[in-house]
Amino acid sequence: MKRRIASWENGHSTPDDFYGPLLCEAYGLSAAELGLNHEGERDTGLLDASYPASPEGAIETVGLLWRADLNRYEPLLQAEPSEPAWNEASLRWLVAPEPAVPRQHRDGMRVGFGDVAAIKTTADMFAELDDRFGGDHARHAAVQYLSTEVTPLLHGQYTEQVGRALFSTVAEATLLAGWMSYDACRHGLAQRYFLQALRLAQDANDRRLAGSILSAMSHQATFLGRYTQAATLARAALMGISPVATPTLRAQFHVMEARALARTGDVGACEAALSAATRALESRNSDDEPEWISYFDETELAAEAAHCFRDVNSARQAVSHAENAMSGNHVRSDFFATMVLADAHLRAGDVEEACRVALDALDLGEQLKSARCVSYLAEFRQGLAAVGNTTEARAFTEQVGEHRLWVASEAHVSV
């Protein structure tokens, strides 16, 4: 270890992906301040949010993203999402030629289906942590795993069949990194992960997964207030996988379109999209659905519908759907549904019930590290302030004054 430190001090080498973040933490400095950002700084593609032109470009770019993220490259972590990137990626995916065969690396390690299965199992573990504790809980560890363990596999030797499975599984894991970054409100970074995941899914010839990635982009675009782009992304997902779409996937894409339309105030189009989602989900056969979409069920649809009716100011319908949206199995999703229920009660003029439900949400989210959860609370906080200094509101704010998420929401509102 002494020789390694001496090498760093003399400028003969730089800390790798493992030691770099540890040094940042030990010294309380950013990667830029320690001079560890040379790769990120010279690679403008990371900040341009470009869609890779080839499988090799996807491998190279996603590897750079993982390393720059680990080394806390601030221009990347603070990057804003690019609106043109959403349009470019969806169009290029829609009109893409036959998927390219992943290039073979003769000097790399041999990769088999067992390696692919290991990535899948590990990613599933991180997905469970993400759901239970929020995106900011294990995001860094997930990216550490991808950078350290998965990068050599992408540069390895594999058959075409293994390569397709590898690209699909890594696309799914990169999609998870995107969701975790989105939940942490690292929006530019999340968008870049989604873009790379889409390209990897394209080269895996996994149309269904690619459609789901576009759906994730739509979800983020709605959250950021880019409603036209969000609706377009949802429609592109539906169009792009039409020949292989399953009922559950069609339902998800319709409901993402509905979420965007609700925010624009187009009540009729929103309700039509929700009806299409309901019909699609009613026709599903679970045996024919991808495993990764199994979470999207009647409870999830109810939660999305509750968001829609809240956003079109139909408080009664929002309450009805939100009350059916508590799964008991997904902590963060249940938190969101509970806060939508609180918002709906508040908009209906029932301040006491709104405060009671919001308190339930705060108790539910005690262990969550999620900037999105904080944003839901900030929105409720603003609505509560708008109703005035009522007895119920005062009692509620006194009761939750020291709650971690509530304190964070105050800072969020003041920003």
Side-chain angles (χ1 to χ4, degrees), residues 131-134 183 219 222-223 255 258-259 261-263 265 267 270-271 274 277-278 295 297-414:
D131 178 65
R132 184 174 177 184
F133 299 111
D183 197 49
H219 196 293
T222 294
F223 183 84
V255 88
R259 286 284 301 271
L261 293 170
R263 285 290 193 173
V267 179
C270 171
E271 291 182 341
L274 282 176
T278 301
Y295 77 94
D297 54 14
E298 288 84 1
T299 299
E300 187 70 18
L301 179 58
E304 300 293 358
H307 279 83
C308 291
F309 287 115
R310 178 202 63 176
D311 293 339
V312 298
N313 293 315
S314 181
R316 182 175 299 178
Q317 287 179 286
V319 168
S320 176
H321 284 88
E323 287 177 340
N324 294 320
M326 313 302 171
S327 68
N329 299 317
H330 303 288
V331 176
R332 185 178 49 207
S333 295
D334 285 351
F335 174 91
F336 290 145
T338 306
M339 283 308 306
V340 170
L341 180 58
D343 279 338
H345 281 302
L346 193 60
R347 296 184 187 200
D350 191 345
V351 178
E352 183 177 3
E353 184 64 9
C355 290
R356 186 194 67 77
V357 173
L359 181 59
D360 288 343
L362 283 164
D363 291 340
L364 182 66
E366 180 64 36
Q367 292 182 298
L368 287 169
K369 295 179 67 177
S370 163
R372 274 199 300 153
C373 290
V374 172
S375 74
Y376 273 61
L377 281 167
E379 188 172 1
F380 177 79
R381 191 178 194 126
Q382 291 172 322
L384 193 62
V387 303
N389 189 25
T390 67
T391 302
E392 296 86 355
R394 285 198 305 273
F396 171 76
T397 53
E398 288 174 6
Q399 190 172 2
V400 302
E402 300 302 320
H403 195 290
R404 178 178 58 83
L405 289 176
W406 186 254
V407 172
S409 74
E410 181 179 14
H412 193 89
V413 169
S414 39

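The basis for the numbers below is simple: all heavy atoms, side chains too, and nothing from hydrogens, waters or symmetry mates. In this chain, numbering begins with 1 at the start of the sequence shown.
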Run the numbers on Asn324 and Thr299 for side-chain contact (heavy atoms from CB on, under 4.5 Å), then give the verdict.
CA-CA 6 Å; Asn324 294 320; Thr299 299; over 6 Å; no

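- Shown here are the side chain to side chain donor-acceptor pair (under 3.5 Å) partners of Ser333, two or more places apart in sequence or in another chain: there are none.
- Note that the CZ atom of Arg316 and the NE2 atom of His345 stand 12.5 Å from one another [nearest 0.5 Å].
- Take Gln399 and apply the side chain to side chain donor-acceptor pair (under 3.5 Å) test, not counting sequence neighbours, and it matches no residue.
- Put simply, CH2 on Trp406 and OG1 on Thr397 are 7.5 Å apart, with the number rounded to the nearest 0.5 Å.
- In this structure Asn313 satisfies the side chain to side chain contact (heavy atoms under 4.5 Å, CB included) test together with Arg347, sequence neighbours excluded.
- Taken to the nearest 0.5 Å, the OG atom of Ser409 stands 12.0 Å off from the CD atom of Glu379.
- From Leu346, atom CG reaches atom CE of Met339 across 9.0 Å, with rounding to the nearest 0.5 Å.
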Val400/Leu405 under side-chain contact (heavy atoms from CB on, under 4.5 Å): CA gap, chis, key distance, verdict:
CA-CA 9 Å; Val400 302; Leu405 289 176; over 6 Å; no

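- To the nearest 0.5 angstrom, Asp343 atom CG is 10.5 Å from Gln382 atom CD.
- Using a 4.5 Å cut-off on side-chain heavy atoms (C-beta onward), Phe396 and Thr391 make no contact.
- A donor-acceptor contact closer than 3.5 angstrom is absent between the side chains of Thr222 and Arg259.
- Of all heavy-atom pairs between Ala344 and Val319, the closest is CB-CG2, 3.5 Å.
- Within the structure, the salt bridge (Lys or Arg N to Asp or Glu O under 4.0 Å) test picks out the following pairs touching residues 322-337 (sequence neighbours left out): Asp130-Arg332, Asp183-Arg332.
- When all heavy atoms are compared, the tightest approach of Phe336 to Cys373 is CE2-SG, 3.7 Å.
- Annotation for Cys270 and Ala258: closest pair SG-O, 3.5 Å, computed over non-hydrogen atoms.
- Between Gln367 and Arg404, the shortest heavy-atom contact is C-NH2, 3.8 Å.
- Within the structure, the salt bridge (Lys or Arg N to Asp or Glu O under 4.0 Å) test picks out the following pairs touching residues 357-369 (sequence neighbours left out): Arg356-Asp360.
- Rounding to the nearest 0.5 Å gives a distance of 9.0 Å between CG of Leu368 and CZ of Phe133.
- Among pairs with a residue in residues 349-370, none fulfils ring-ring contact (aromatic ring centres under 6.0 Å, His included), at least two apart in sequence or across chains.
- Note on residues 307-332: pairs passing ring-ring contact (aromatic ring centres under 6.0 Å, His included), not counting sequence neighbours, are His307-Tyr376, Phe309-His321.
- Cys355 has its side chain within reach of Leu384: a pair of non-hydrogen atoms, C-beta onward, lies under 4.5 Å apart.
- Scored by the side chain to side chain contact (heavy atoms under 4.5 Å, CB included) test, Glu392 finds Val351, Glu352, Thr390 as partners (sequence neighbours excluded).
- Side chains of Val255 and Thr278 form no contact here, defined as non-hydrogen atoms less than 4.5 Å apart.
- For Glu271, the salt bridge (charged side-chain N to carboxylate O under 4.0 Å, His left out) test picks out no residue, with sequence neighbours left out.
- A donor-acceptor contact shorter than 3.5 Å is absent between the side chain of Ser320 and the backbone of Gln317.
- In this structure Arg394 satisfies the salt bridge (charged side-chain N to carboxylate O under 4.0 Å, His left out) test with no other residue, sequence neighbours excluded.
- For Phe223, the ring-ring contact (aromatic ring centres under 6.0 Å, His included) criterion is met by Tyr182, His187, not counting sequence neighbours.
- The two residues Val357 and Thr338 make their nearest non-hydrogen contact at CG1-O, 3.2 Å.
- Side-chain atoms of Met326 and Leu341, non-hydrogen and from C-beta on, do get closer than 4.5 Å to each other.
- Considering every non-hydrogen atom in both Ala393 and Gly388, the closest pair reads CB-O, 4.2 Å.
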